[in-house]
Amino acid sequence: MNKDMHIYLEHLERDMPGNVLRIEKEVTHEFEIPAILQHIESRKQQPVIIFQKVRNLRGRISSLPVVINLFGSRERLAYALNSTVHRLSLDYVDKEKPVPSVTVGKGEARVKEIIKKGEQVDLFELPIITHHEMDIGPYITAGSVWVKDPETHWVNCAILRIFVAGARRMVVNFNPTRHTNYIFQKYKNLGLPMPSLVVIGHHPAFYMGAQTKLFVNETEIIGGIMGEALELTPSETWGNDLLVPAQADIVIEAEISTTEEDIEAPFGEYTQYYGGQRLNPVVEVRAITHKRNAYYLDIMPGHADHLLLDAPMIEAYLYSRIKAVVPGVKGVYMPVSGTARLHAYIQISKTNDAEPKTAIAIALSSDYRVKHVIVVDDDVNIYDDEQVLWAVATRSQWHKDLMVLPGMMGTRLDPSGDGITITKGGIDATKPCGPHAYAKRLSIPSHVMERVKLEDFLEPEVLGRFKDYGR
Amino acid sequence: MGKVYYVKCELCQKEYYLDQALYEVILSNPRQKLICPFCKKKFSPKASQEGHRVGKTV
């Protein structure tokens, strides 16, 4: 049986104690869970939080506890892939290979333990959260939306924001540049609604696999990232024509209308602004199935939980594309300071002065969201904003090291753009290749650094209080 | 997103904003209703440009 979110949490509590916080006190679905998370984050902590008693939109205590901030730590994402913080995107590249899925029967599919169809379906029974003050209402934020291409039969997966507008009615948002929209247009041309699944809750490796940037049958990439064939089982609505992940916590089976739109948003987004109200496709729910002990997974919009999940996949994709042309690329990092989507830091071991701008051009054109790129040498730690900005400060002259590309495709969530195009740019913050010598970085003799131990000079109680000493 | 278009809910008088595509829809279709994110009620915005404060998000 596939590993799932429950197994992940159990192992996390065993191997990284302190990373899971359980709250027994009752909370309501509106704003309280986000408020508690924000208070905890203000103390520079990022645990997974499990809320055991959540009052749902029907005013009742939901049978499903809420899990939030599952993805709020790069260490935990690395743990899910048996990797490290610095190797995460490189290991992702290695694992991003198709592994054919396997189909299992209903008896082996824990997601089928509870089945509700038609009039039995009531989305308001789920503990769906309203996150931010100007959000139009409750949103499903950890839904991996699966749609099947009617021509290739490949399944595309994307985490999309979904407004819950009624007991069996939702409104979904997807960017025109996304693969989901590409498939949506095919159903529109056929005059048919688009069958879809909203998968809520699974192992983090499942989510990371589902976020692959490759345009392939993504259920097979999920298997590659998980390190095991993904188990699928027939859906209640379409049977073998659309299979659901057998060990997911919750699956909502729904049809996305290609003819009807309704009001959606405002909604707080990863840019940490609200997107404006708009019209988007209506979704009619046909069935909900879930585990008997399912958790309802939520992703906190605009916070680390939201920003970090997609970053390794974008890094992996950019790394592969750049490596094909600039073999000396060492690493790519999407910092949280740039919403983990808009900024990219690229580390290269340079052999000629054309490589940085080539890497910039590839990065800016590979993902519509990447807006600013900084390229640094391999002596600069790309996981440290201060180091990268130091490189910009001391290794760039913008009359020759700056690239500016107006009129490019960008995210419409960027409030500084015109809604269609944005200006992208990059900075070459690398030292020039020879023959001219460059100034030498400061250093303390390594044999002294190795010999001097803080424990020999500071009392243990002082060392224990180190976090209280400011800068 | 670019320019956003503020509207005032006729019922609770609070302001929020639309994206450009929806703003153009309500200018051409006076029957299009909006949903106020504060009071959660549907309302008909004023269709004229005078009813809206146009500008970027602050």
Side-chain angles (χ1 to χ4, degrees), chain A residues 29-31 57 124 130-139 161 163-166 169-171 173 175-176 260-282 339 342 368-369 371 407 409-423, chain B:
Chain A
H29 60 88
E30 198 176 42
F31 305 135
L57 284 97
F124 293 152
T130 303
H131 300 84
H132 290 109
E133 191 173 5
M134 204 166 82
D135 286 354
I136 189 177
Y139 269 79
R161 75 188 198 210
F163 168 47
V164 176
R169 183 179 173 92
M170 307 187 289
V171 188
N173 176 73
N175 193 298
E260 188 186 357
E261 290 187 325
D262 204 349
I263 293 291
E264 186 264 331
F267 179 72
E269 265 287 356
Y270 70 80
T271 50
Q272 298 179 8
Y273 294 93
Y274 294 99
Q277 192 159 85
R278 53 176 64 151
L279 288 169
N280 265 323
V282 166
T339 75
L342 300 181
Y368 70 98
R369 293 162 294 188
K371 182 182 177 187
M409 196 159 66
T411 173
R412 61 183 182 179
L413 294 170
D414 181 353
S416 67
D418 65 12
I420 301 169
T421 66
I422 64 164
T423 295
Chain B
M1 188 154 61
K3 197 177 275 190
V4 293
Y5 297 85
Y6 277 83
V7 292
K8 187 183 278 192
C9 172
E10 301 294 313
L11 304 165
C12 71
Q13 302 301 307
K14 286 192 175 162
E15 276 194 330
Y16 70 101
Y17 51 80
L18 320 177
D19 78 355
Q20 180 148 2
L22 182 54
Y23 179 66
E24 287 168 6
V25 166
I26 64 168
L27 282 183
S28 60
N29 179 8
R31 286 184 295 182
Q32 173 67 54
K33 290 200 186 247
L34 304 177
I35 300 176
C36 172
F38 297 109
C39 68
K40 314 295 184 199
K41 302 228 174 25
K42 285 191 177 179
F43 69 100
S44 295
K46 288 199 178 95
S48 67
Q49 289 209 357
E50 291 81 20
H52 307 92
R53 176 164 63 90
V54 171
K56 284 204 172 180
T57 312
V58 294

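Lettering of chains follows the sequences in order, A, B, ..., and the numbering in each one begins at 1. Nothing here was measured: the structure is a model prediction, and the numbers come from that model.
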- Heavy-atom distance under 4.5 Å to chain A: side chain of B/Tyr16, backbone, both or neither? both
- Using non-hydrogen atoms and a 4.5 Å limit, figure out which bit of B/Lys14 sits close to chain A: side chain, backbone, both or neither. neither
- More than 12 non-hydrogen atoms from neighbouring residues, nucleotides or ligands closer than 6.0 Å to CD on A/Glu133, yes or no?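 For A/Glu133, atom CD is not crowded (no more than 12 foreign heavy atoms under 6.0 Å).
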- Message: Heavy-atom pairs under 4.5 Å with chain A - which of B/Gln32, B/Lys33, B/Lys42 has more of them than the others?
- Response: B/Gln32
- Query: What's the shortest heavy-atom distance between A/Lys371 and A/Ser416, and which atoms?
  - Reply: NZ-OG, 3.1 Å
- Query: A/Thr423: what forms a side chain to side chain contact (heavy atoms under 4.5 Å, CB included) with it, not counting sequence neighbours?
  - Reply: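 With neighbours one apart ignored, the set is A/Val404, A/Pro406.
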- Do A/Glu264 and A/Ile136 have side-chain heavy atoms sitting under 4.5 Å apart?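 Answer no - side chains too far apart.
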